[in-house]
J.: 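Before I ask anything, here is the structure I am working with.
Heads up: numbering here begins at 1 and tracks the sequence. Every number for a ligand or one of its atoms is a count from 1 in the order of the listing.
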Amino acid sequence: MITIKDVTLHEVEALLIPVYEDEVSNINKVEVLKEQKAFLGKEGEVFCATTIEEKVRYEIFIGVGKKEDFTSEGFRRALSEGARKAKALKVKTLGVQLLVNEKLCVGGNVKAITEAMSLALYDFIKYKTTDQHQEEMTIYLTGVPEAKRDRAQIKLQETLHIVEGVIIARNLVNEPSNIIYPESLAKEVEKLGEEAGFEVEVMKEETIKELGMEAFLAVGMSSENKPRLIVMRYMGEPDSQEILGLVGKGLTYDTGGYSLKPTDSMKTMHSDMGGAGAVIGAMSAIAKNKVKRNIVAVVAACENTISGSSYKPGDIIGSMAGKSIEILNTDAEGRLTLADAVTYIIEKEKVTEVIDVATLTGAALVALGTTTTAVVTNNSAFYERLQGAAAKTGETFWELPNHKDYQKLIKSEVADLKNVGGRNAGTITAGLFIGEFVKDLPWLHLDIAGTSWVETNTGYLTKGATGVPVRTLYAMVEGPCGCGKH
Ligand code: BES
Ligand code: ZN
Ligand code: ZN
């Protein structure tokens with residue numbers, strides 16, 4: 001729970017105090033430490049001072065680095081370290097001091113602190129029956145000037161909805177495939193739609209067949225858990241014709257099919273719906289905050305498994321757009337489901353621009369690691385909008401080249417396209433495969449195979465699903481901050 005209220009060390013068990021590297025010497029307790037070089041105020045450093053009164057009380061100092069190098073992302077990361085320290089100390093009531101400067105207004109502070117604290121404290125331990133679950137921590141944001149309380153309260157509520165969106169994404173992705181499969185995912189989305197205020201339509205195999213989504217079905221019919229097409233609609237600006245289309249890859253499990261993955265690569269493949277989780281989480285945040293934009297999101301949810309009805313390498317399949325596809329590898333299944341989902345959202349939902357989000361290629365992880373999402377796009381202005389939003393959230397994105405030469409790599413000799421472009425440039429050819437179905441609409445392809453999952457806690461990202469890029473998708477459609485500066 002997060003509340004705006006001024007508190008003292010006597011009213012809470014612990015205070016979290018941000019300190020600039022250049023102002024460490026202003027703090028008495030830390031002055032001593034400075035000489036011992038135990039706490040220099042560098043970004044991410046944490047020092048906990050303990051005073052014993054009625055009960056143990058803590059002042060947790062967090063370094064935020066030099067004032068001139070200050071960024072909201074650095075602040076969020078520093079806060080995350082403090083949050084972890086408080087959690088380790090089993091603190092139940094914590095005050096967090098704002099750090100207002102030219103780069104971060106009061107509202108920006110409320111947002112950064114709320115995001116960092118809630119996201120860093122997230123865990124996924126619901127299936128552990130023996131561990132003691134920690135009591136909830138109540139967090140007070142202290143130092144909000146009286147005149148700015150109302151704005152700060154609005155900002156807090158808005159941010160909590162965004163954070164909930166990220167946590168929805170993390171939870172859906174962290175759940176194993178025996179819990180979240182296409183049908184149960186669709187049920188979850190229906191529930192979320194009711195809570196947040198967006199419309200949900202779920203289509204089963206017969207309708208998917210009638211729509212001609214042959215590529216989606218080729219993947220989806222391999223499993224006993226039948227596919228679902230999940231459509232979410234939110235019209236926040238009914239007078240406008242503009243509709244942003246979000247498409248999320250929703251493989252609730254990817255064994256690779258007959259091009260079977262080795263166990264080590266397979267074991268986390270319940271996370272192959274990171275794109276779906278992200279667009280569902282973003283829709284929830286957008287609807288809860290009543291953003292004045294029209295958004296439709298689509299998830300073609302299915303499992304890629306081995307059975308008598310699986311598609312096989314060498315098959316030639318159709319697609320909703322009418323293009324034929326030669327299957328060279330059944331593990332390159334995401335692009336098949338996305339091709340039809342993109343066709344559906346353009347033809348049936350009449351969107352005017354498209355963002356697809358997908359855990360599409362291991363090559364994205366090789367190229368950019370776990371911190372930067374790979375982008376393929378046909379529209380530089382759209383890409384600039386993405387980068388503008390990313391600058392606010394701290395999530396990072398980088399565009400890969402897409403000259404005509406790359407397009408040749410996915411042309412087949414026996415069909416219109418092949419689903420693998422060879423060993424090289426795997427992230428680009430996968431993206432361009434989807435690009436073949438977007439027609440002339442502005443389009444961004446976000447390959448989150450590297451960024452949707454981390455093996456260890458890093459900053460406010462927690463082990464397992466990260467919820468990337470929910471916050472950036474939200475930032476792309478939100479209005480400007482009330483402070484007028486950004
Ligand atoms: N879901 C995987 C991509 C992936 C890999 C996501 C690692 C997260 C972590 C995707 O369906 C896949 O298997 N892609 C293949 C494509 C190849 C066969 C062209 C890959 O990346 O190896
Ligand atoms: Zn695959
Ligand atoms: Zn996959």
J.: Short list, please: which atoms of ligand 1 are under 4.0 Å from a heavy atom of Asn329?
T.: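 Near Asn329, meaning under 4.0 Å from one of its heavy atoms, ligand 1 has 18 (C).
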J.: Nearest protein heavy atom to atom 22 (O) of ligand 1: under 4.0 Å?
T.: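 Answer no: nothing from the protein, no heavy atom, is under 4.0 Å.
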J.: Under 4.0 Å between a side-chain nitrogen and a carboxylate oxygen: does that hold for Lys204 and Glu210?
T.: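 Salt bridge absent between Lys204 and Glu210.
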J.: Do you know the tightest heavy-atom contact between Glu303 and Ser223?
T.: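 Nearest pair, atom of Glu303 first, then Ser223: OE1-OG, 2.5 Å.
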J.: Between Lys126 and Glu175, is the closest basic N to carboxylate O distance under 4.0 Å?
T.: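 A salt bridge links Glu175 with Lys126.
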J.: Would you mind telling me which of Ile325, Thr429, Ile410, Asp331 makes a side-chain contact (heavy atoms from CB on, under 4.5 Å) with Asn419?
T.: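 Only one of Ile325, Thr429, Ile410, Asp331 forms a side-chain contact (heavy atoms from CB on, under 4.5 Å) with Asn419, namely Ile325.
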J.: Going by side-chain contact (heavy atoms from CB on, under 4.5 Å), Thr451 matches just one of Thr373, Thr370, Leu446, Leu461. Which one?
T.: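 Testing each of Thr373, Thr370, Leu446, Leu461 against Thr451, the sole residue satisfying side-chain contact (heavy atoms from CB on, under 4.5 Å) is Thr373.
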J.: Are any of the side-chain nitrogens in Glu326 or Lys411 under 4.0 Å away from the carboxylate oxygens of its partner?
T.: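 No, Glu326 and Lys411 are not salt-bridged.
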J.: Is any side-chain N of the basic residue among Glu353 and Arg385 closer than 4.0 Å to the acidic one's carboxylate O?
T.: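 A salt bridge is present here (some side-chain N lies under 4.0 Å from a carboxylate O).
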J.: Hey, looking at atom 5 (C) of ligand 1, which of Ala358, Gly256, Gly362, Ser259 has the closest heavy atom?
T.: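 Among Ala358, Gly256, Gly362, Ser259, the closest heavy atom to atom 5 (C) of ligand 1 belongs to Gly362.
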J.: Taking 4.0 angstrom as the limit and counting only heavy atoms of Lys249, give me the atoms of ligand 1 inside it, by number and element.
T.: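 Close to Lys249: 1 (N), 10 (C), 11 (O).
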J.: Taking only heavy atoms of Glu333, which atoms of ligand 1 are found under 4.0 Å from at least one of them?
T.: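 Contacts of ligand 1 toward Glu333, numbered from 1: 11 (O).
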J.: Run the salt-bridge test on Lys392 and Glu115 with the 4.0 Å N-O cut-off and return the result as yes or no.
T.: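 Not counted as a salt bridge, because no side-chain N and carboxylate O are separated by less than 4.0 Å.
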J.: Considering non-hydrogen atoms of the protein only, which is the closest contact for atom 7 (C) of ligand 1, and what is the distance?
T.: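 Nearest protein contact, heavy atoms only, for atom 7 (C) of ligand 1 is Met269 CE, 3.8 Å.
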J.: Report the part of Leu360 in contact with ligand 1, treating N, CA, C, O as backbone and CB onward as side chain, heavy atoms under 4.0 Å; options are side chain, backbone, both, neither.
T.: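 Just the backbone.
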J.: Is the shortest side-chain N to carboxylate O distance from Lys187 to Glu183 below 4.0 Å?
T.: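 The answer is yes: the pair qualifies as a salt bridge.
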J.: List nothing but the number: protein N/O/S atoms under 2.8 Å from the Zn ion (ligand 2).
T.: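 With waters ignored, the protein N/O/S count below 2.8 Å is 4.
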J.: Taking only Lys NZ, Arg NE, NH1 and NH2, and the carboxylate oxygens of Asp or Glu, determine whether Lys42 and Glu45 approach each other closer than 4.0 Å.
T.: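 Judged by the 4.0 Å cut-off on N to carboxylate O distance, Lys42 and Glu45 do not form a salt bridge.
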J.: Taking distance alone, with N or O pairs closer than 3.5 Å, would you say Ala332 contacts ligand 1?
T.: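 So ligand 1 has no N or O lying under 3.5 Å from an N or O of Ala332.
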J.: Is there a nitrogen or oxygen of Thr361 sitting under 3.5 Å from a nitrogen or oxygen of ligand 1?
T.: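 There is no such contact.
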J.: What residue and atom, counting heavy atoms only, is the protein's closest point to atom 15 (C) of ligand 1, and at what distance?
T.: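 Nearest protein contact, heavy atoms only, for atom 15 (C) of ligand 1 is Asp331 O, 4.1 Å.
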J.: Is the shortest distance from a Lys or Arg side-chain nitrogen in Lys249 or Glu333 to a carboxylate oxygen in the other one below 4.0 Å?
T.: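 The answer is yes: the pair qualifies as a salt bridge.
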J.: Need the ligand 1 atom indices (1-based, order shown) with element for anything under 4.0 Å from a heavy-atom of Thr359.
T.: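 That gives atoms 1 (N), 2 (C), 3 (C), 6 (C) of ligand 1.
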J.: Pairs of nitrogen or oxygen atoms closer than 3.5 Å, one from Arg335 and one from ligand 1: do any exist?
T.: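 N/O-N/O distance below 3.5 Å does not exist for this pair.
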J.: Which of the numbered atoms in ligand 1 are under 4.0 angstrom from any heavy atom belonging to Lys261?
T.: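 In order of number, 2 (C), 12 (C), 13 (O).
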J.: Is Ser412 reaching over with its side chain to a backbone N or O of Asp416, donor-acceptor style, under 3.5 angstrom?
T.: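 No: the side chain of Ser412 does not pair with the backbone of Asp416.
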J.: Is the distance between the Zn ion (ligand 3) and the nearest N/O/S atom of Lys249 smaller than 2.8 Å?
T.: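 Checking the Zn ion (ligand 3) against Lys249, an N, O or S atom does fall under 2.8 Å.
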J.: If you have a sec, work out which protein heavy atom is nearest atom 2 (C) of ligand 1 and how many Å separate them, to one decimal?
T.: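 Sorting protein heavy atoms by distance from atom 2 (C) of ligand 1 puts Asp254 OD2, 3.7 Å first.
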J.: Can a salt bridge be assigned to the pair Arg77 and Glu73 using a cut-off of 4.0 Å between side-chain N and carboxylate O?
T.: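 Here Arg77 pairs with Glu73 in a salt bridge, since their nearest N and O are under 4.0 Å apart.
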